[in-house]
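Following: one structure in structure tokens, then a few remarks.
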Protein chains: 2
Amino acid sequence: MDPDLTTILAAYRRLVTTLNRAKTHAQLTEAAGVRLDRPDVQILVHLLDEGGPRRIGAIAEALRVESPHVTRHVSALERRGLLERVRDPDDGRAWRIALTQHGAEAADSCRRISLKWFGGALADWSDHDRAELARLLDRLADDIQDEVHIPSG
Amino acid sequence: MDPDLTTILAAYRRLVTTLNRAKTHAQLTEAAGVRLDRPDVQILVHLLDEGGPRRIGAIAEALRVESPHVTRHVSALERRGLLERVRDPDDGRAWRIALTQHGAEAADSCRRISLKWFGGALADWSDHDRAELARLLDRLADDIQDEVHIPSG
DNA sequence: TATTGTTATACTCTATAACTATA
DNA sequence: TATAGTTATAGAGTATAACAATA
């Protein structure tokens, strides 16, 4: 019974309960002035973070979802003009998914709201605590990934 | 453009991408030796954390879902003998949802696996860093909750 | 009649399976 | 014929609306 461990797990769950709900997503899209569902936002913001076109398979792998899911959302976003397909320079048969100007703007709006929320939450924090949280949370994400995907038994 | 903020947001998303997927849930239930879907686990572990019977409405509020969702899962878990309804001592018309022995064991198994994952991830961390993460993540969960639910505009 | 919970329904999110196309 | 992606389908997760029951 490690009290730190218990606190960390409980805090993580509380965070997810707050952020990962339909109402929270509705708040985000309203504030961002976009009409996008959650997978849409994930894909658009992922492409913005990556900084360039990516293949369907690469997006699916990064978001840890199956590719048909990505295909459907990408197709819909393409029809709406937020994404476009460009030839993969490395592989003539393949295409990459690229943000259009409109898509990049929508992605940026969404990311801005998330950053605003986190920024608001951390507004009263000391520089030291913010830097420590960044360091520790980044390391936790790495280590959890290793722990879950390469389970020791 | 605050680099700490960006890191924190990205790390949080990475954490969710790792932990909040069907395959991860399947890994958890297999390791725990239970056959439960995600809402089932959330409800059971929540009741275990609370340490006593709770009303449907209170569970829904704590998990930030709508009550019909809780009703359905609780009813199914009741039929399977993991939960039972007991009279609310404070309000004769109302019932509270209580873990049975079997339900408490299942909840404990699931929580144990989550703790094992986090414990494994933090195994190489210094005591200081673990304590700091606990302090900072707990505070973040509080502050995000305030920020999102009492939005400043 | 206000509160709480339930039943009925529908929408969102994501997975699996079967198929297609291209090198 | 291996790889990447798509179409089709189904199941899990969650919300809204309408209703029931009880103080």
Side-chain angles (χ1 to χ4, degrees), chain A residues 16-30 34-44 46 53-79 83-98, chain B residues 16-30 34-44 46 53-79 83-98:
Chain A
V16 171
T17 296
T18 301
L19 291 172
N20 210 41
R21 294 298 180 209
K23 266 168 197 160
T24 308
H25 176 74
Q27 250 177 271
L28 186 146
T29 50
E30 199 198 344
V34 298
R35 202 168 44 75
L36 298 166
D37 61 25
R38 265 181 286 180
D40 288 343
V41 172
Q42 288 183 154
I43 291 166
L44 293 172
H46 173 68
R54 286 292 179 276
R55 291 163 70 151
I56 293 276
I59 297 171
E61 195 184 337
L63 300 179
R64 296 200 183 270
V65 294
E66 300 302 317
S67 56
H69 178 64
V70 177
T71 293
R72 178 148 11 88
H73 286 275
V74 164
S75 300
L77 290 167
E78 193 187 4
R79 265 180 259 120
L83 294 177
E84 63 190 356
R85 282 161 204 264
V86 298
R87 278 256 171 246
D88 187 329
D90 301 338
D91 184 347
R93 65 186 155 166
W95 297 80
R96 290 189 177 184
I97 311 305
Chain B
V16 170
T17 296
T18 302
L19 292 172
N20 210 40
R21 293 299 178 208
K23 267 169 196 156
T24 309
H25 177 74
Q27 249 176 273
L28 186 146
T29 51
E30 199 198 344
V34 298
R35 201 168 48 74
L36 297 167
D37 60 25
R38 266 181 285 177
D40 288 343
V41 172
Q42 288 183 154
I43 290 166
L44 293 171
H46 172 67
R54 286 292 179 277
R55 292 163 70 152
I56 293 276
I59 298 171
E61 196 184 336
L63 300 179
R64 296 199 182 269
V65 293
E66 300 302 318
S67 55
H69 179 61
V70 177
T71 293
R72 178 146 13 87
H73 285 275
V74 164
S75 300
L77 290 167
E78 193 187 4
R79 264 179 259 122
L83 294 178
E84 64 190 356
R85 281 162 204 263
V86 297
R87 279 256 171 245
D88 186 331
D90 301 338
D91 184 348
R93 66 185 155 166
W95 297 82
R96 291 190 176 184
I97 311 305

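Residue numbers begin at 1 in each chain, while the letters A, B, ... track the order of the sequences.
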Fill in: Nearest-angstrom distance from the residue atom CD of B:E61 to P of C:dT3
14 Å
Worksheet entry | Test: A:R55 cationic atom under 6.0 Å from A:W95 six-membered ring centre, within 45° of axis | no
Item to complete: Starting at atom CD1 of A:I59, determine the distance to atom C1' of D:dT6, rounded to an integer number of angstrom.
Response: 15 Å
Practice prompt. Examine C:dT6: is either OP1 or OP2 under 4.0 Å from a nitrogen or oxygen in the side chain of B:R85? Give yes or no.
Written response: yes
Worksheet item: C:dA15 P sits how many Å from A:R64 CZ, rounded?
Response: 12 Å
Fill in: Lys/Arg N to Asp/Glu carboxylate O, B:K23 vs A:E66, below 4.0 Å
yes
Practice prompt. Check A:L63 against B:T17 and note the closest heavy-atom contact, atom names and distance.
Written response: O-CG2, 3.6 Å
Fill in: Euclidean distance, atom CZ of residue A:R55 to atom P of C:dT22 [Å, nearest integer]
14 Å
Practice prompt. Mind calculating the distance between NE2 (A:H69) and P (D:dA12) to the nearest angstrom?
Written response: 17 Å
Worksheet item: Are A:R38 and C:dT12 close enough that a side-chain N or O sits under 4.0 Å from OP1 or OP2?
Response: no
Worksheet, complete the sentence: B:E66 atom CD is separated from C:dT3 atom P, nearest whole Å, by 17 Å
Discussion item. Looking only at the side chain of A:P39 (C-beta and beyond, no hydrogens), which of the listed nucleotides D:dG5, D:dT14, C:dC13 gets closest?
Written reply: C:dC13
Worksheet entry | Closest-nucleotide 5' rank along DNA chain D - winner of A:N20 and A:S67 | A:S67
Item to complete: Rounded off to whole Å, could you give me the CD1-to-P distance for the A:I97 and D:dA4 pair?
Response: 14 Å
Discussion item. Any side-chain N or O of B:R21 below 4.0 angstrom from OP1/OP2 of C:dT14?
Written reply: yes
Item to complete: For B:R35, enumerate each residue passing the side chain to side chain contact (heavy atoms under 4.5 Å, CB included) test, keeping only those at least two apart in sequence or located in another chain.
Response: B:R80
Practice prompt. For B:R85, enumerate each residue passing the salt bridge (Lys or Arg N to Asp or Glu O under 4.0 Å) test, keeping only those at least two apart in sequence or located in another chain.
Written response: B:E78
Worksheet item: CD1 of B:I56 versus C1' of D:dA15: gap in Å, rounded?
Response: 16 Å
Worksheet item: Which part of the nucleic acid does B:P68 contact within heavy-atom distance under 4.0 Å: base, sugar-phosphate only, or nothing?
Response: base
Worksheet item: NA contact type, B:R72, heavy-atom cut-off 4.0 Å: base, sugar-phosphate, or nothing?
Response: base
